[in-house]
Every structure is written in C-alpha cells, then in structure tokens.
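Reading through the structure tokens given below for one structure.
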Amino acid sequence: MIRKRAVVTAAFVGTVALGTGVGVWASSDGGGGKPEDGARQSSSGRVAGTGTHPEEPGTPSASPSPSRSYPLSQAPRTIPAVRSHTPARGPGWKPRHGGRVVVNDAELADEGRLLAGELGLDYAGRKNDVRAGDVRLALGGGGGNQESYTLTVRDGRVDISGPGEAGVFYGTRTLKQEVHGGGTAPEGVVRDQPAKPVRGFMLDIARKPFSASWIEDRVRELGDLKYNELGLHFSDDQAFRIESSSHPEIVSADHLTKAQVRRIVALAESRHITVVPEIDSPGHLGAVIAAHPDLQLRNAGGVATRGAVDISKPASAQIVDDLLNEYAGLFTGNQWHLGGDEYQALTVRDPQASYPQLAAAARQRFGSGGTVADLATGWLNDRAATVRAHDRTVRAWNDGFFRGTSVRPGQDIRVAYWTGKEIGARPPAEYLAEGRKVINYNDEFLYYVLGQPQTFVYPTGQRIYEQWTPRVLRGTTPVPARYDGQILGGAFAVWCDFPHAQTEAQVAAGIRMPLRATVQKLWDPGKPALSWADFKKLADRLG
C-alpha cells in the first residue's frame with residue numbers, strides 16, 4: 001500500500017552532530033517552527049537544511065495531510081544535549097488522549113510504565129500492532145554501548161530503541177524533556193550515547209543526616225539527567241548513619257533504616273543508577289572508635305590519633321570486614337568505595353618513629369624493609385579482597401595510593417582522584433601512567449563543601465560548564481589527551497563539614513545548576529553549543 005504521508009515526513013537530511021562549534025536549533029514549539037531565512041545554520045555557519053517559508057504547522061497531528069508542508073525539524077534541546085539529530089519534515093509528536101506506550105520486551109515494563117505516567121499515556125505492555133500516537137520501546141540494534149539509544153519521531157509515532165535497558169531509559173528521558181520543554185518532540189532521528197561511563201553524584205550523609213525522601217528526590221532528578229551513580233558516604237568521625245545488625249553499637253541515633261535504604265536502592269535501580277556505598281577506612285572511623293576505643297591508633301607517646309584505627313590490630317580489620325560483608329547484601333550494585341584517604345599515621349614527618357607498633361607490624365608482614373605506608377597499602381588490598389568476593393569493582397581516594405612502596409595497590413582498584421593537596425601529593429598523570437583507571441572528583445570544581453571551610457568555595461555551574469572537562473583532574477590543567485580512555489568519568493560531591501551551614505532545601509537549590517553542568521560535560525566533553533545564559537534558561541524551562 002502506498003503511504004501518502006511519506007512525501008512529507010521522509011525528507012531526511014544528513015545527521016547534525018551537536019558538538020563543538022555546532023549550533024543547536026530549537027524553539028519552544030519543538031516540532032518545527034518557521035525556518036529563518038529559508039535555512040537552518042549552525043553557529044559555524046554551515047547550512048543544515050534548506051526550504052521555503054512554509055506556513056506554521058499549527059497543532060501537530062498524528063496523521064499529517066499530504067498537502068501540508070512542514071519546515072525542517074529542529075534538534076531537541078535537552079540536558080544533557082543529544083549528540084546528534086537527523087532532522088526531517090513533519091509535525092513531530094505530542095502526547096494525546098488515548099495514546100499508548102508499548103514495549104517489545106517485558107524487561108522494558110518499568111521504563112514503559114514510568115514514561116506513560118509522566119506523559120499521561122496508557123501503558124499497554126507488549127503489543128505488535130501499530131497505532132497512531134504510540135510510543136514504542138524496543139531492545140535491539142545499535143552497537144555494544146548499553147547506554148546508547150536511537151529515538152525516531154516519524155508518521156505520528158515515536159520509536160525508542162537501544163541495545164540495553166539503560167539506553168532505552170535514557171531515550172525516554174530525552175522524550176520527556178522534549179515534551180516538557182516544548183510540548184512537541186521534533187520529527188527526525190536522535191542518535192545518542194554518553195562519552196563517559198561514570199556519571200556520578202556523591203552525598204556525605206555521615207556528617208549531615210539527609211532524609212530518605214530528600215535522597216529519593218535527588219535520585220529522580222539524577223535519573224532525568226542521565227546520571228548513573230549515587231555515592232553514599234555514610235560512615236565518618238561524626239556519625240555512622242545506616243542501621244547495622246553486625247555492629248548495632250556503632251550506629252548513630254539519627255540514621256537510615258535498612259528498609260529505607262532498600263527503597264532508595266530500588267528507586268535508583270529503576271532509574272539505572274548504581275548506589276555506591278563508602279565505608280572509609282582506616283581513617284575517618286571515629287564513629288566506630290567511639291564504640292570501640294581499644295581500636296584507636298595511638299602514637300609512641302600514647303596520644304590518640306583522631307579517626308584512625310590501629311591497623312596492626314587484627315580486631316580493626318575484623319570489624320571493618322564485618323561491615324563490608326553486611327552491607328554488600330544491602331547495596332546490590334557492582335561498585336564499592338573503600339575510602340583509604342587521610343590516614344593520620346601517614347601525615348607525620350616520620351611514621352615509623354611516631355607509630356612503632358605499625359612499623360613493627362609492617363616489618364613482620366613485609367620483611368625488614370616494610371614501612372607504615374606498606375602496611376596501609378596492605379590494608380587497602382585486604383579490604384578490596386573482602387569486597388571483591390562479593391563481585392564488586394572497587395575504588396579508593398587518590399591519597400590512599402602511595403609513591404615508593406614495596407607493596408602495590410591492586411591494579412583493579414580505581415583511583416577516585418579528588419585533590420593534590422595531601423603530603424607527598426602525586427599528580428594525576430602518575431596514576432594514569434601506571435595504567436590505572438581514574439574517576440574525576442576534582443575538588444577545585446566538583447566539591448560542594450558546606451560552610452566553605454579552608455579554601456573551598458561553592459562551585460558554580462557556569463565555571464564547570466565553561467572550564468571543566470573530565471581530563472581536568474587536578475586544579476585547572478587537563479592531563480594529556482592520550483589518557484582520556486582511562487578516565488572513566490566523574491562525580492559531583494556534597495561534603496558536610498559544617499552540617500548546619502545549609503538546610504536540605506538550600507543544598508538542593510545550590511547544587512541544581514552544578515549537577516546539570518557536570519552531566520553535560522560527562523555526556524559530551526566538547527565545548528557546549530549553548531552559551532551559559534542559554535543553558536541556564538533551558539534548565540529553567542525544563543524544570
């Protein structure tokens with residue numbers, strides 16, 4: 001049967017890459033407003049499409065009349081921006097009464113139900129028939145990137161497909177933003193995938209207790225922005241914030257129950273977000289030490305060392321392993337953060353003289369040349385082995401990796417690079433030259449520290465958007481491009497050094513634009529097509 005609609009909907013032109021120096025064409029109507037001077041041009045002046053001055057299409061319909069002429073569609077404006085869009089002529093798509101979301105695989109039921117509820121459509125489950133107004137979600141096609149997707153608007157319908165559930169989910173986020181931002185999803189084909197596989201947000205709930213509902217709201221926000229990790233730092237000197245059955249004596253009065261954590265984890269999983277727990281050790285264990293003072297590290301003069309456990313004592317390792325094993329059953333994702341930073345025994349001039357019991361334990365374990373840094377590295381490797389037994393991939397802060405030790409950290413332990421201010425600081429290129437994989441937590445751009453202590457200032461979205469890329473691991477200077485493949489991505493972090501400096505609502509408002517800027521640069525590190533002012537206006541429109 002001849003499809004008359006083809007004459008007005010199938011006039012596709014070449015793909016428009018939305019990267020450096022290429023403009024994003026969009027208007028509030030989304031589907032296809034009037035062309036300007038008969039041609040769409042990128043910011044570099046290249047002509048992306050030609051045409052006459054057709055009349056306004058008015059309200060798009062599912063079945064356009066063959067006599068109707070439509071302008072070439074404009075690329076959607078979303079956060080993060082889509083990587084490419086192939087424009088076409090047609091009315092676009094908008095939700096309408098009786099419209100359906102259908103799937104080709106039962107595994108996409110959660111994504112389908114969520115999108116149907118958000119757009120006011122009916123979720124019809126697995127269907128093979130085709131109806132005007134449908135949104136169809138399908139697994140299949142594409143390459144090996146499970147986060148890639150293709151979104152096609154054509155013939156009054158929307159098809160979203162990808163090789164994995166995550167990619168299809170991201171396609172639904174694009175469609176949601178298109179509709180919420182402009183009312184209509186533009187005709188054409190979006191082909192999209194992230195540049196970086198790690199796009200994270202880390203939250204310090206140890207120093208400041210955040211409510212479960214606040215965390216759940218952030219999960220929803222992160223999902224819509226195509227983040228895929230939520231880090232929870234829930235143990236520190238100030239408090240231990242999650243219910244424990246193995247060591248209830250260490251849990252602070254204000255804490256999350258395991259039932260609350262399970263709900264957060266389940267919500268995150270439904271948004272394809274992995275919750276990454278962190279029990280920092282062997283430093284930052286003050287809450288554990290408060291219940292077990294016999295484990296506290298003391299120097300040669302008997303003076304207690306704040307937050308640090310004595311890693312020469314087997315009981316110190318036992319309690320931490322108990323907790324790691326317990327929470328591996330609560331946090332079901334495949335990632336784990338071991339901490340490893342700021343162990344105070346290694347911040348003094350001569351650790352061997354200041355902590356003779358640690359030096360003795362190092363020599364006993366690693367031979368006559370063993371050092372306190374070797375012992376700390378052995379601790380990190382042992383904790384990694386505990387978590388690795390649960391099929392988790394591990395990471396640790398960069399100042400938990402030491403230069404010149406005879407004991408080397410496991411090669412599979414990823415470096416969470418946050419600072420270059422520690423004693424004996426190693427530049428990022430050293431870790432990369434060792435072949436290590438690195439995740440960017442650059443404290444110059446990505447640290448939101450409550451109360452702004454020391455030299456910290458609240459990061460601005462504009463500075464991230466205009467100056468930061470995943471290769472800027474320390475300070476403001478990027479590492480050489482040859483290391484780009486080892487940099488897995490990055491994470492924006494909230495630390496609560498002064499927990500009362502801001503309320504939950506103030507934190508949510510303060511991180512709103514930095515979160516959007518960060519994910520834009522993780523999805524596509526190139527120079528954004530939109531100015532910061534236009535990006536901010538877009539964020540305000542999308543909500």
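Keep in mind that what you see is a predicted model, and the values were worked out from it rather than measured. Sequence positions, counted from 1, serve as the residue numbers for this chain. The analysis underlying the following values was restricted to heavy atoms, covering all of them including side chains, and did not include hydrogens, waters or symmetry mates.
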### Query
Angle class for the F492/F201 ring planes (parallel below 30°, perpendicular above 60°, tilted otherwise)?
parallel
### Message
Within the 4.5 Å heavy-atom criterion, are P186 and E178 side-chain neighbours or not?
### Response
yes
### Task
Would you sort out whether F234 and Y327 count as a ring pair (Phe, Tyr, Trp, His ring centres under 6.0 Å), showing the intermediate values?
CA-CA 11 Å; F234 63 91; Y327 290 108; 5.2 Å; yes
### Message
What I want to find out is whether R100 reaches D134 closely enough, with some N-O distance under 4.0 Å, to be called a salt bridge.
### Response
yes
### Query
Going by atom types alone, do S235 and E278 pair a side-chain donor with an acceptor below 3.5 Å?
no
### Message
Can you confirm whether D254 sits close enough to R241 that some side-chain heavy atom of one is under 4.5 Å from a side-chain heavy atom of the other?
### Response
yes
### Query
Taking the side chain as C-beta and beyond, is there a heavy-atom pair between L522 and P194 under 4.5 Å?
no
### Task
May I ask you to say whether E221 pairs ionically with R516, meaning some side-chain N is under 4.0 Å from a carboxylate O?
yes
#### Entry: K226 to W523, cation-pi by 6.0 Å centre distance and 45° axis angle
yes
### Query
Mind checking whether R207 and D497 have side chains closer than 4.5 Å, heavy atoms only?
yes
### Query
In terms of side-chain geometry, is the basic nitrogen of D534 or K536 positioned less than 4.0 Å from the acidic oxygen of its partner?
no
### Task
If the plane angle is over 60° it's perpendicular, under 30° parallel, otherwise tilted; pick one for W397 and H337.
tilted
### Query
Is any NZ, NE, NH1 or NH2 atom of the basic residue among E326 and K258 found under 4.0 Å from an Asp or Glu carboxylate oxygen of the other?
yes
### Message
Is it true that S211 and E504 share a donor-acceptor pair across their side chains at a distance under 3.5 Å?
### Response
yes
### Query
Is the Y441-Y417 ring centre distance short of 6.0 angstrom?
no
### Message
Taking K537 first and then D540, would you say they form a salt bridge - that is, a charged N and a carboxylate O separated by under 4.0 Å?
### Response
no
### Query
N128 and V102: side chain to side chain contact (heavy atoms under 4.5 Å, CB included), yes or no, with the steps?
CA-CA 9 Å; N128 292 322; V102 300; over 6 Å; no
## Note on the structure
D224 meets the salt bridge (Lys or Arg N to Asp or Glu O under 4.0 Å) criterion, sequence neighbours left out, with R173, K176
### Message
Run W418 and Y447 through ring pair (Phe, Tyr, Trp, His ring centres under 6.0 Å) and show every step you take.
### Response
CA-CA 9 Å; W418 72 281; Y447 263 35; 5.7 Å; yes
### Query
How would you list, by chain and number, every residue that makes a side chain to side chain donor-acceptor pair (under 3.5 Å) with N104, sequence neighbours excluded?
none
### Query
Quick one: do D484 and R471 make a salt bridge, cutoff under 4.0 Å?
no
### Task
Could you tell me whether the side chains of T460 and Y465 share a donor-acceptor contact shorter than 3.5 Å?
no
### Message
Under a 3.5 Å distance rule, please check whether H390 uses its side chain to pair with a backbone N or O of V387 as donor and acceptor.
### Response
no
### Message
What I want to find out is whether R271 reaches E111 closely enough, with some N-O distance under 4.0 Å, to be called a salt bridge.
### Response
no
### Query
Who are the side chain to side chain donor-acceptor pair (under 3.5 Å) partners of W336, not counting sequence neighbours?
none
### Task
Taking only Lys NZ, Arg NE, NH1 and NH2, and the carboxylate oxygens of Asp or Glu, determine whether D105 and R126 approach each other closer than 4.0 Å.
no
### Test side chain to side chain donor-acceptor pair (under 3.5 Å) applied to Y170 and E147, H272, Q193, the passing residue
E147
